[in-house]
Amino acid sequence: MKIDLFITCLADSYYPRTGIAVVKILEHLGHEVRFPREQTCCGQPMFNTGYKDDTRTIAKKMIDVFEDSDIVVTPSGSCAAMIHENYEVLFENDPVYLKKAKALAAKTHEFILFLTDVLKLNLTDLGVQWKGKATYHYSCHLRGIGVEGGGAKVVDVIKQVNGLEYVQIDKPEQCCGFGGTFAMKYPQISGTMVEDKVNCIKDTQADYVICNDAGCTMNISGSCQRAGHEVKFITLAEIIAEGLGLLEVENV
Amino acid sequence: MTRSTRESFLSRLHKPLGRTSTITNVPTPPEVDESIARLVQPDDDLFAVFCEKAAATGMKVHQVTGDSLYETITARLREENVRKLSVSMNDPMATESAIKSAGFELHDWKAVPGKDGLDAQFDLDAGITDVHNAIAETGSLICQSGSSHTRGMSLIVPWHLAIVKKSQIMPDLIDFWNDRSSLSPDQMPASIAIITGPSKTADIEGVLITGVHGPAMVDVFVVEDQ
Amino acid sequence: MSSAPGSQTTASESVELTMDGHDILFPKLPYDMKQRVQGATNNAELQEFVNSATRMRDQMRINGCKDAFGDNYDKIRALAGDIKQHTLDNLDYYIEQFIDNATAAGTNVHYAADAEEANAICKEICQKHNAKLVVKSKSMVTEETNLVHELEAIGVETIETDLGEYILQLDHDAPSHLVTPMIHKNRASVGRAFARELGVEYTDDPGELTKIARRVLRDKYRQADIGMSGGNFMIADSGSVCICTNEGNGRLCTSVPPVHIAYIGIEKMIPSRKHLPVFLKLLSRSAIGSPITVYNHIMTGPKRNAEPDGPQEQHIILIDNGRTEVLKPETREMLRCIRCGACLNSCPVYRKVGGHSYGSVYPGPIGALLTPVFKGLANYKDLPYASSLCGACYEACPVKINIPKYLIQLRSDLIGGKHDKFTDRVFFKLWSFSLKKAWMYRLAGKMAGVFLRLRNKGVKNKNPYLNRGWVEKVPGPAAGWTEKRDLVTPPTKDFRSWWDEHQKSKGGK
């Protein structure tokens with residue numbers, strides 16, 4: 001099938017290797033991947049801060065860019081949730097774009113869920129082989145895209161990777177404290193939240209934290225760096241790509 | 001200050017609801033979908049479910065027969081060194097004479113009427129009542145106020161002993177409220193208490209303590225053959 | 001945890017030693033949240049306390065609800081939410097029905113537009129009965145109207161009987177949680193307050209402390225002229241009030257004194273008795289995971305003539321106090337709240353800052369919604385932003401209030417009302433503008449990258465897609481970020497560069 005990639009602004013600039021992994025995996029599976037170059041950002045930072053009018057302009061652009069796409073895949077749960085949950089809210093009074101917003105939401109998938117729910121793939125069957133001791137950060141936006149069972153479902157997928165030693169994190173359901181501008185507006189609260197998360201990561205003694213949302217990664221890895229806790233952050237997409245030999249195993 | 005009246009108060013509601021007077025056609029509320037809300041089915045073993053759930057709340061459950069009831073109650077009263085207690089004015093299952101003949105001092109409702117009679121409930125060691133219903137789902141006792149049922153006997157005394165007949169056990173809270181929902185306001189008992197366990201608190205550091213204001217102990221005698 | 005009196009500063013004292021209970025819930029307006037947040041986040045003991053207690057209760061909620069409802073948990077929350085929404089949509093009808101039925105049962109129904117009117121009605125009833133002593137059970141709406149202080153001011157001794165509230169009253173403190181009001185206090189502070197105020201010997205044993213409270217309060221119930229309560233539910237089709245407590249104090253307050261006054265916010269309505277079980281099943285499970293509260297007391301009118309005990313007179317004061325403002329369509333859903341406290345227990349922010357940081361009667365996520373609407377958005381500008389929008393509250397809410405959605409709506413209202421900082425506005429305008437064209441977006445990203453990499457303290461990777469560095473301190477709007485953590489720099493090449501190379505290499509094949 002023809003799949004259009006929505007890379008998201010954070011992955012584009014900060015975590016390009018995730019996007020590379022996604023493209024390589026999808027092409028390996030025999031799909032045609034396209035990258036509409038006019039795409040920018042889903043508008044989540046503005047929306048969450050309350051700048052609705054500004055967001056509307058950005059959302060319109062997103063909708064237009066992907067209007068002709070059959071399927072849109074994105075490596076970020078939080079950006080997928082923005083399109084799924086909030087675009088409709090923005091166009092409540094604009095029937096033309098409301099219809100388009102709903103159409104975009106219907107065809108937009110977070111990458112891991114796309115593999116499991118749309119392509120119905122199992123990583124073991126796919127032959128994903130990867131060595132490492134890893135824990136997983138349950139992103140809050142799994143709630144936003146309505147993942148039944150939340151993070152536990154992703155953990156099941158992670159456990160399908162041969163050779164991966166999975167360690168469960170304590171307080172998995174607790175937010176890391178990112179919350180976009182929240183981290184800037186309330187550094188004290190956000191800071192104690194992420195310190196809590198870092199301590200839980202330390203307790204796992206894992207070498208890798210699997211984190212599929214770039215915002216959470218920036219926050220938690222930044223806090224680990226400040227605390228002097230050495231641990232590698234990786235997305236499940238990168239693990240799969242490495243595990244299929246599509247990406248070189250590197251020091252992430 | 002001019003006081004709000006029924007009319008002025010209602011007009012405050014009309015504005016945000018986008019109208020100028022109260023709707024006249026009766027609204028249809030969502031039905032309670034029992035496939036979602038019902039937790040115990042009528043054909044479940046109500047007796048067993050009730051006993052299990054009631055015990056889980058911290059109540060002591062005794063399965064008795066009409067014959068063993070008195071013996072079980074008096075043994076428990078002796079065990080807890082009860083001196084003075086009361087029995088509901090309707091004398092459930094004719095317990096009064098059994099208690100009296102076992103040598104316990106009984107509160108005389110007729111001798112101390114009115115407020116003093118109410119006040120006297122504070123000085124009793126225990127109170128024995130029947131119930132109006134019991135709920136298997138939660139292990140609850142339903143105690144309604146009435147001419148022969150004080151509120152105090154399941155509330156003020158430190159120990160409440162309740163006699164439940166097996167036939168009084170209803171499956172689910174849904175059944176109880178369906179049953180009571182046709183009563184007009186003046187037919188409704190002034191007080192319906194759904195009691196589920198001894199009085200509890202966890203206010204101080206989350207430490208669970210029983211018997212803070214209401215009875216610290218609740219014994220339930222479930223009579224099987226009645 | 002136990003310690004001798006005076007040996008250590010307790011969680012609550014170190015935060016709010018200088019305030020009395022009233023100022024905690026009624027701070028100077030506009031309210032500056034950051035100050036109290038600072039105190040709370042620096043208080044490790046408070047955090048440990050609130051954090052562990054809320055996490056425990058949140059887990060108990062999940063276990064209790066999953067055990068009972070299984071896969072229907074979400075459905076019963078939707079059902080309860082629908083029932084409440086329907087009631088609010090038709091609230092005028094149900095309030096009228098309730099008034100008629102309660103009156104038919106012999107209850108005196110009163111109408112209070114605001115706190116002042118509610119308290120005036122209550123004081124009149126007290127004066128009519130020449131009341132000297134009032135015992136009351138826990139009620140958030142009486143906190144809203146500041147009732148206890150007002151009754152005491154006219155010489156009516158008014159005693160909170162919920163154990164937690166009683167302790168807070170003795171210690172001149174204020175509730176910090178909807179269900180477990182003294183979640184921020186430890187046993188030592190209770191012991192000290194009892195020794196000081198009741199003249200008993202110091203103990204910090206929760207069982208002993210409870211016994212002392214029981215002994216003191218039992219006499220108060222007997223002597224009280226009036227018993228007061230709130231109301232968890234009003235039932236329109238019978239004119240009944242239902243109160244739910246675990247301790248039994250609510251039942252005592254409404255059964256022993258000769259007069260009962262109930263303070264109830266108008267949103268507590270449900271249509272019928274048939275709907276009550278849905279809420280009884282959800283309330284306690286959502287609050288603490290137990291199937292049902294120990295005492296559910298459903299009262300319909302005063303005691304009937306032949307009854308030996310019970311109040312001879314019953315008054316219900318229906319209270320608006322800002323609720324009709326929330327009832328407008330844009331915010332109506334917020335009034336579904338049944339005050340179970342599940343959103344507080346599940347909230348990672350509440351766990352860190354505690355209830356007093358919210359500066360009002362209603363703390364936590366639901367408080368961050370209700371308070372700004374009740375008391376003016378401009379007065380509580382900080383509250384809607386004090387959330388990471390993680391959605392845990394929405395998932396926990398038994399009536400499915402979409403709290404994150406409304407927090408964003410309030411933020412948007414603040415911006416619409418020009419309550420945002422000028423610098424924020426400009427920053428977001430520029431950012432949004434740069435997103436209109438991919439080339440501008442990329443240019444802005446590159447510039448930010450260059451700027452950040454100038455401050456970068458070292459890169460460990462040769463791969464241009466992975467050679468990120470770290471910045472310890474940045475100026476401007478992101479300064480808050482580096483207060484608590486390092487900021488990652490982008491690697492030298494972005495995804496677009498790779499895509500171009502990838503296309504070229506494919507084209508070359």
Side-chain angles (χ1 to χ4, degrees), chain A residues 7 9 11-14 16-17 19-20 23 35 37-41 43 45-52 54-55 57-58 61 85 89 140 143-144 171 173-175 177-196 218-219 221-223 225-226 250-252, chain C residues 34 37-38 41 47 55 348-349 352-353 384-392 394-395 405 408 410-415 420 424 428-429 431-432 435-438 441 445 449 460-461 463 465-466 468 470 477-481 483-488 490-491 493-499 502:
Chain A
I7 182 68
C9 56
D12 187 2
S13 303
Y14 288 81
R17 192 169 185 262
I20 298 169
V23 174
F35 178 69
R37 287 198 65 106
E38 231 347 85
Q39 62 178 278
T40 58
C41 161
M46 297 78 204
F47 184 80
N48 283 355
T49 314
Y51 291 96
K52 257 192 194 164
D54 292 324
T55 318
T57 323
I58 300 163
K61 183 180 175 65
E85 282 190 313
V89 179
C140 296
R143 297 186 182 111
K171 309 186 199 176
E173 80 304 330
Q174 193 168 290
C175 172
F178 174 61
T181 43
F182 170 71
M184 262 81 93
K185 280 192 186 281
Y186 286 97
Q188 312 94 329
I189 311 176
S190 169
T192 51
M193 284 163 74
V194 70
E195 276 161 22
D196 202 343
M218 280 184 109
N219 183 38
S221 66
S223 187
Q225 175 72 19
R226 178 72 53 99
E250 276 180 285
N251 191 17
V252 285
Chain C
K34 295 202 168 110
V37 163
Q38 192 74 51
T41 48
Q47 268 189 50
R55 280 195 63 225
V349 174
K352 298 294 174 207
V353 302
Y385 284 101
S387 164
S388 64
L389 305 175
C390 78
Y394 182 30
E395 206 169 61
K405 176 182 148 188
I408 293 173
L410 291 181
R411 293 174 183 190
S412 174
D413 292 347
L414 275 166
I415 281 155
D420 52 338
D424 283 2
F428 277 100
K429 272 268 175 279
W431 189 358
S432 304
L435 297 174
K436 282 186 178 171
K437 296 278 176 214
Y441 147 85
K460 294 171 195 154
N461 211 303
N463 182 337
Y465 299 104
L466 280 172
R468 293 180 284 257
W470 295 100
W481 181 276
E483 217 177 278
K484 287 287 177 181
R485 72 226 101 187
D486 288 5
L487 179 61
V488 70
K493 282 189 169 182
D494 61 5
F495 173 79
R496 278 161 209 260
S497 316
W498 177 83
W499 178 261
H502 183 58

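Just so we're clear, the structure is a prediction, and the values are computed from it rather than from any experiment. Keep in mind that the numbers below use all heavy atoms, side chains included, and drop hydrogens, waters and symmetry copies.
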Discussion item. If we ignore hydrogens and angles and just use 3.5 Å, is the side chain of A/Asn251 paired with the main-chain N or O of C/Asn461 as donor and acceptor?
Written reply: no
Worksheet item: Among A/Asp196, A/Asn219, A/Val252, which residue forms the greatest number of heavy-atom pairs with chain C at distances under 4.5 Å?
Response: A/Asn219
Worksheet item: For A/Glu195, is it the side chain, the backbone, both or neither that has a heavy atom under 4.5 Å from a heavy atom of chain C?
Response: side chain
Worksheet item: Quick one: of C/Leu410, C/Val488, C/Val353, who has the most non-hydrogen atom pairs under 4.5 Å with chain A?
Response: C/Val488
Discussion item. Just by distance, no angles: are the side chains of A/Ser190 and C/Arg485 close enough, under 3.5 Å, to form a donor-acceptor pair?
Written reply: yes
Practice prompt. Compare all side-chain heavy atoms of C/Arg55 with those of A/Gln174 and state whether any distance is below 4.5 angstrom.
Written response: yes
Practice prompt. Kindly indicate, with the supporting measurements, whether the criterion salt bridge (charged side-chain N to carboxylate O under 4.0 Å, His left out) is fulfilled by C/Asp424 and A/Lys185.
Written response: CA-CA 11 Å; C/Asp424 283 2; A/Lys185 280 192 186 281; 3.2 Å; yes
Practice prompt. Return yes if a side-chain donor-acceptor contact under 3.5 Å exists between A/Tyr51 and C/Asp420, otherwise no.
Written response: yes
Discussion item. Looking at C/Asp486, is its backbone amide N or carbonyl O close enough to the side chain of A/Gln225 to form a donor-acceptor pair, meaning the two atoms are under 3.5 Å apart?
Written reply: no
Worksheet item: Do you know which of C/Lys405, C/Lys493, C/Gln38 has the most heavy-atom pairs under 4.5 Å to chain A?
Response: C/Gln38
Discussion item. Using a strict threshold of under 4.0 Å (side-chain N to carboxylate O), is an ion pair present between C/Asp413 and A/Lys52?
Written reply: no
Worksheet item: Counting heavy-atom pairs under 4.5 Å to chain C, which of A/Ala11, A/Gly43, A/Cys9, A/Gly177 comes out on top?
Response: A/Cys9
Worksheet entry | Between C/Gly480, C/Gly391, C/Ser388, the one whose heavy-atom pairs under 4.5 Å with chain A are most numerous | C/Ser388
Worksheet item: Which bit of C/Glu395 is near chain A, if near means a heavy-atom gap under 4.5 Å: side chain, backbone, both or neither?
Response: side chain
Worksheet item: For A/Thr192, is it the side chain, the backbone, both, or neither that has a heavy atom closer than 4.5 Å to a heavy atom of chain C?
Response: both
Worksheet entry | Exercise: identify the closest heavy-atom pair between C/Phe428 and A/Pro45 | CE2-O, 3.9 Å
Worksheet item: Less than 4.5 Å apart, any side-chain heavy atom of A/Ile58 and any of C/Ser432?
Response: yes
Response to the item:
Output for pair (A/Ser13 OG, C/Phe495 CZ), nearest 0.5 Å, gives 12.0 Å
Item to complete: With a 4.5 Å cut-off on heavy-atom pairs, point out which of A/Cys175, A/Ser223, A/Gly180 contacts chain C the most.
Response: A/Cys175
Worksheet item: For C/Lys436, does its backbone N or O pair with a side-chain atom of A/Lys61 as donor and acceptor, under 3.5 Å?
Response: yes
Worksheet item: To the nearest 0.5 Å, what is the distance between CG (A/Asp54) and NZ (C/Lys429)?
Response: 3.5 Å
Worksheet entry | Segment of C/Trp498 engaging chain A (4.5 angstrom heavy-atom cut-off) | side chain
Worksheet entry | Heavy-atom pair count under 4.5 Å with chain A, highest-scoring of C/Ile415, C/Ile408, C/Leu466, C/Thr41 | C/Ile415
Item to complete: Answer yes or no: is there a side-chain heavy-atom contact under 4.5 Å between C/Lys352 and A/Met193?
Response: yes
Response to the item:
The interface call for C/Leu435 against chain A, heavy-atom contacts under 4.5 Å, is both
Discussion item. Under a 4.5 Å cutoff for heavy-atom pairs, which residue among A/Arg37, A/Glu250, A/Glu173 has the most contacts with chain C?
Written reply: A/Arg37
Fill in: Any A/Met218 side-chain heavy atom under 4.5 Å of C/Leu487 side chain
yes
Fill in: Min side-chain heavy-atom separation C/Pro491-A/Pro16 under 4.5 Å
yes
Worksheet item: Measuring heavy-atom distances to chain A, does C/Val37 have an atom under 4.5 Å in its side chain, in its backbone, in both, or in neither?
Response: side chain
Worksheet item: At a heavy-atom separation under 4.5 Å, does A/Ile189 approach chain C through its side chain, its backbone, both, or neither?
Response: both
Worksheet item: When rounded to the nearest 0.5 angstrom, what is the spacing between OG1 in A/Thr181 and CZ in C/Arg411?
Response: 6.0 Å
Worksheet, complete the sentence: In terms of heavy-atom pairs under 4.5 Å with chain A, the winner among C/Trp431, C/Tyr394, C/Trp499, C/Tyr385 is C/Trp499
Worksheet item: Can you tell which of C/Ala478, C/Gly449, C/Ala386 has the highest number of heavy-atom pairs within less than 4.5 Å of chain A?
Response: C/Ala386
Response to the item:
Okay, C/Ser387 and chain A: the region with an atom under 4.5 Å from a heavy atom over there is backbone
Practice prompt. Can you tell which part of C/Arg468 gets under 4.5 Å to a heavy atom of chain A, answering side chain, backbone, both or neither?
Written response: side chain
Discussion item. Do A/Tyr186 and C/Val349 have side chains that approach each other closer than 4.5 Å (heavy atoms only, starting at C-beta)?
Written reply: no
Worksheet entry | Side chain to side chain, A/Arg226 and C/Trp470, heavy atoms closer than 4.5 Å | no
Worksheet item: Does the side chain of C/Leu389 come within less than 4.5 Å of A/Phe182's, by heavy atoms?
Response: no
Item to complete: Give a yes-or-no answer on whether the side chains of A/Asp12 and C/Tyr441 include a donor-acceptor pair shorter than 3.5 Å.
Response: yes
Worksheet entry | Heavy-atom proximity to chain C below 4.5 Å, by part of A/Val194 | side chain
